Peer 1: 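Okay, here's the structure, questions in a sec.
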Amino acid sequence: MFTPLFGFSRAQIVFGAACLFAAVACDKTPPPSTRATGDAAEKALHVEGQTVRASGSSALQPLVNAAKEKYEVQNKGASIEVSAGGSKKGLSDVASGAVHIGNSDIFAPADLAGELVDHKVAVVGFAAMANKGPYNETIAALSQDDLANVFSGKVTNWKELGGELQPIVVINRAAGSGTRTVFGRIVLGGDKFVESQTEDNSGALVAKLKQTKGAISYLALSFKDDALLTISLKGEGGTVDPTAENITSGRYPIWSYEHMYTKGEPDKATKAFLDYVTSPRFQNEVLPNVKGFIPVTAMKVSRSTD
């Protein structure tokens, strides 16, 4: 026997159920979508877990490594990978999409400038550095002409520079090096280096100079080492040391901007890292404590090319 439910008859309950079914069947309003929320969550997770890869200039590498260390501590889950290989490799890698950031001591060439976005992050000076020995202990400075003669192979003995008898061993950076490009353009008027042995990165070059009697090369001041002789410039106004003060004023001419290039506008994760590197906090508090680097804003002179 049917017992009425809450006072409704069987017929009323059946009729109500039928109406409810019809309403549900005819309702074309889509259910609340979880896909958009899911996609957004996946995208956010991808960005948070994305590894930002940078390659290129070994001269710039110490600064980018310092930024990486600070950034990863402050941003849990962030991952920055930094490798060297030379400025031209960095530019080639970022243009091809192999990395997110191309580190470079030089401006991008015309054929790449249209697709790459320049983020100037610092200034660094360069100097001739040599193996220390009794043969050059009296040499604190050389003129730019002297340096040009050494690195072009016209001067081959330290005695010709005022030292003692000892053959000069020139060690060059490889052809893809921004350090080589900058030093060659300013000191020699182009890539007019004598043929010699080469090193692919600045760290290996420092070690080679320490091991090789009579050796000389050129390095960013970020790789200045007390075990090596760092040579100042001799000019009409006297000796000019490669110091931050002399670089920012323009008295010491061997310097370049340090660039972190992206292919077009950077993605979210890359932009976040670049924003940190160019932030006043990093530029004013961290960068000055990384050997050899100067904030771009400190420069009293400028250049349109490296």
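Note that the structure is predicted; figures quoted are calculated from it, not measured.
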Peer 1: Testing the basics here: between Ile80 and Lys68, what is the closest heavy-atom pair and its distance to 0.1 Å?
Peer 2: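 In terms of heavy atoms, the two residues are closest at O-NZ, 2.7 Å.
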Peer 1: When you compare the side chain of Asn136 with that of Gln166, does any pair of heavy atoms fall below 4.5 Å?
Peer 2: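 No, side chains not in contact.
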Peer 1: I'd like to know whether Val169 forms a side chain to side chain contact (heavy atoms under 4.5 Å, CB included) with Ile216, so could you lay out the CA-CA distance, the side-chain angles of the two residues, the decisive distance to 0.1 Å, and finally the verdict.
Peer 2: CA-CA 6 Å; Val169 179; Ile216 189 171; over 6 Å; no
Peer 1: With a 6.0 Å cut-off (strictly less than), is the heavy-atom count around CG of Asn289, excluding the residue itself, greater than 12?
Peer 2: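 Yes.
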Peer 1: Give a yes or no answer on whether the side chain of Tyr257 reaches the backbone of Val121 with a donor-acceptor pair at less than 3.5 Å.
Peer 2: no
Peer 1: Working to the nearest 0.5 Å, report the span between NZ of Lys224 and OG1 of Thr230.
Peer 2: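 Going from NZ on Lys224 over to OG1 on Thr230, the span is 4.5 Å.
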Peer 1: Do we see a donor-acceptor contact under 3.5 Å between the side chains of Thr198 and Arg180?
Peer 2: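 Distance-only check fails for Thr198 and Arg180.
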Peer 1: For Asp146, is there an ion pair with Lys234 - N to carboxylate O distance below 4.0 angstrom?
Peer 2: no
Peer 1: Counting N and O atoms only, with roles assigned by atom type, does the side chain of Asn201 sit under 3.5 Å from a partner on the main chain of Gly203, one being a donor and the other an acceptor?
Peer 2: yes
Peer 1: What residues, two or more places apart in sequence or in another chain, satisfy ring-ring contact (aromatic ring centres under 6.0 Å, His included) together with Phe293?
Peer 2: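 With sequence neighbours excluded, Phe293 shows a ring-ring contact (aromatic ring centres under 6.0 Å, His included) to no residue whatsoever.
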Peer 1: Strictly distance-based, threshold 3.5 Å: is any side-chain N or O of His100 a donor or acceptor partner for the main-chain N or O of Thr270?
Peer 2: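 Flag not set: sc His100 to bb Thr270 has no pair under 3.5 Å.
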Peer 1: Using ring centroids (six-membered ring only for Trp), state whether Tyr261 and His119 fall under 6.0 Å.
Peer 2: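 Centroid distance His119-Tyr261: not below 6.0 Å, so no.
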Peer 1: Side chain of Trp158, backbone of Ile168: donor and acceptor closer than 3.5 Å?
Peer 2: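 Absent.
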Peer 1: When you look at NZ of Lys154, are more than 12 heavy atoms from neighbouring residues, nucleotides or ligands closer to it than 6.0 Å?
Peer 2: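 No, the 6.0 Å shell around NZ holds no more than 12 heavy atoms from other groups.
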Peer 1: With a 4.5 Å limit on heavy-atom distance, are the side chains of Leu228 and Asp226 in contact?
Peer 2: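 Side chain of Leu228 against side chain of Asp226, heavy atoms only: no contact under 4.5 Å found.
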Peer 1: Any sub-3.5 Å donor-acceptor pair from Lys263's side-chain atoms to Gly97's backbone N or O?
Peer 2: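 Checked: no pair found.
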Peer 1: Judged by modelled atom types alone, do Asp105 and Ser256 share a side-chain donor-acceptor pair under 3.5 Å?
Peer 2: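 No - no donor-acceptor pair under 3.5 Å links their side chains.
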Peer 1: Is there a donor-acceptor contact under 3.5 Å linking the side chains of Asp267 and Gln50?
Peer 2: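 Yes.
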Peer 1: Hey, are the side chains of Asn284 and Arg281 touching, using non-hydrogen atoms and a 4.5 Å cut-off?
Peer 2: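 The answer is no; the side chains never approach within 4.5 Å.
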Peer 1: Does atom CD of Gln74 have more than 12 heavy-atom neighbours from other groups under 6.0 Å away?
Peer 2: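 Correct, the count exceeds 12.
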Peer 1: Okay, side chain of Thr248, backbone of Ala244: is any donor-acceptor separation there less than 3.5 Å?
Peer 2: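 Confirmed, Thr248 side chain pairs with Ala244 backbone.
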Peer 1: Are Val170 and Ser217 packed together at the side-chain level, in the sense that at least one heavy-atom pair is separated by less than 4.5 angstrom?
Peer 2: no
Peer 1: Between Asn131 and Leu209 (side chain of the first, backbone of the second, donor and acceptor by atom type, cut-off under 3.5 Å), is there such a pair?
Peer 2: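 Side chain of Asn131 to backbone of Leu209, a donor-acceptor pair under 3.5 Å: yes, one is there.
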Peer 1: Return the minimal non-hydrogen interatomic distance between Ile247 and Gly125, and the atom names on each side.
Peer 2: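 For Ile247 and Gly125, the tightest heavy-atom pair comes out as CD1-CA, 3.7 Å.
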Peer 1: Are any non-hydrogen side-chain atoms of Thr179 and Leu219 less than 4.5 angstrom apart?
Peer 2: no
Peer 1: Between Phe273 and Asp275, is any pair of side-chain heavy atoms under 4.5 Å apart?
Peer 2: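 They are not in side-chain contact.
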Peer 1: Determine, step by step, whether Tyr218 and Phe223 satisfy the ring pair (Phe, Tyr, Trp, His ring centres under 6.0 Å) criterion, reporting the C-alpha distance in whole Å, the side-chain angles of both residues, the deciding distance to 0.1 Å, and the verdict.
Peer 2: CA-CA 10 Å; Tyr218 38 89; Phe223 284 88; over 10 Å; no
Peer 1: Testing Lys210, Lys291, Lys208 for salt bridge (charged side-chain N to carboxylate O under 4.0 Å, His left out) with Asp225, which one passes?
Peer 2: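 Only match with Asp225 under salt bridge (charged side-chain N to carboxylate O under 4.0 Å, His left out): Lys210.
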Peer 1: Going by heavy atoms in the side chains, are Thr262 and Leu116 under 4.5 Å from each other?
Peer 2: no
Peer 1: So, the side chain of Glu160 versus the backbone of Thr156: is there a donor-acceptor pair under 3.5 Å, distance only?
Peer 2: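 A pair under 3.5 Å: yes.
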Peer 1: Decide yes or no on side chain to side chain contact (heavy atoms under 4.5 Å, CB included) for Leu205 and Asp200, but give the supporting numbers first.
Peer 2: CA-CA 8 Å; Leu205 178 54; Asp200 289 336; over 6 Å; no
Peer 1: Looking only at heavy atoms, which two atoms of Glu258 and Phe126 are closest? And how far apart?
Peer 2: OE2-CZ, 4.4 Å
Peer 1: Would a line drawn from the ring center of Tyr276 to the ring center of Phe282 be shorter than 6.0 Å?
Peer 2: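 Ring-ring flag for Tyr276/Phe282: true, centres closer than 6.0 Å.
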Peer 1: Could you tell me whether a side-chain N or O of Thr181 sits under 3.5 Å from a main-chain N or O of Ser177, the two making a donor and an acceptor?
Peer 2: yes
Peer 1: For Gly250 and Val301, which heavy atoms make the closest approach, and how far apart are they?
Peer 2: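 The answer is CA-CG2, 3.9 Å.
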Peer 1: Can you check side chain to side chain contact (heavy atoms under 4.5 Å, CB included) on Glu69 and Val64, steps first, answer last?
Peer 2: CA-CA 9 Å; Glu69 291 172 9; Val64 183; over 6 Å; no
Peer 1: Side-chain contact test, heavy atoms from C-beta onward, threshold under 4.5 Å: evaluate it for Met260 versus Leu274 and give yes or no.
Peer 2: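 They are in side-chain contact.
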Peer 1: Please give me the minimum heavy-atom distance between Val117 and Gly264, naming the atom from each residue.
Peer 2: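 Minimum heavy-atom contact is CG2-O, 3.3 Å.
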Peer 1: Under a 3.5 Å distance rule, please check whether Gln283 uses its side chain to pair with a backbone N or O of Ile294 as donor and acceptor.
Peer 2: no
Peer 1: Would you please test Leu142 and Leu233 for side chain to side chain contact (heavy atoms under 4.5 Å, CB included) and show each step?
Peer 2: CA-CA 5 Å; Leu142 293 173; Leu233 282 182; over 6 Å; no
Peer 1: How close do Val124 and Ala220 get, heavy atom to heavy atom, and via which atoms?
Peer 2: CG2-CB, 4.1 Å
Peer 1: Please indicate whether Glu72 has more than 12 foreign heavy atoms, meaning atoms of other residues, nucleotides or ligands, lying under 6.0 Å from its CD.
Peer 2: yes
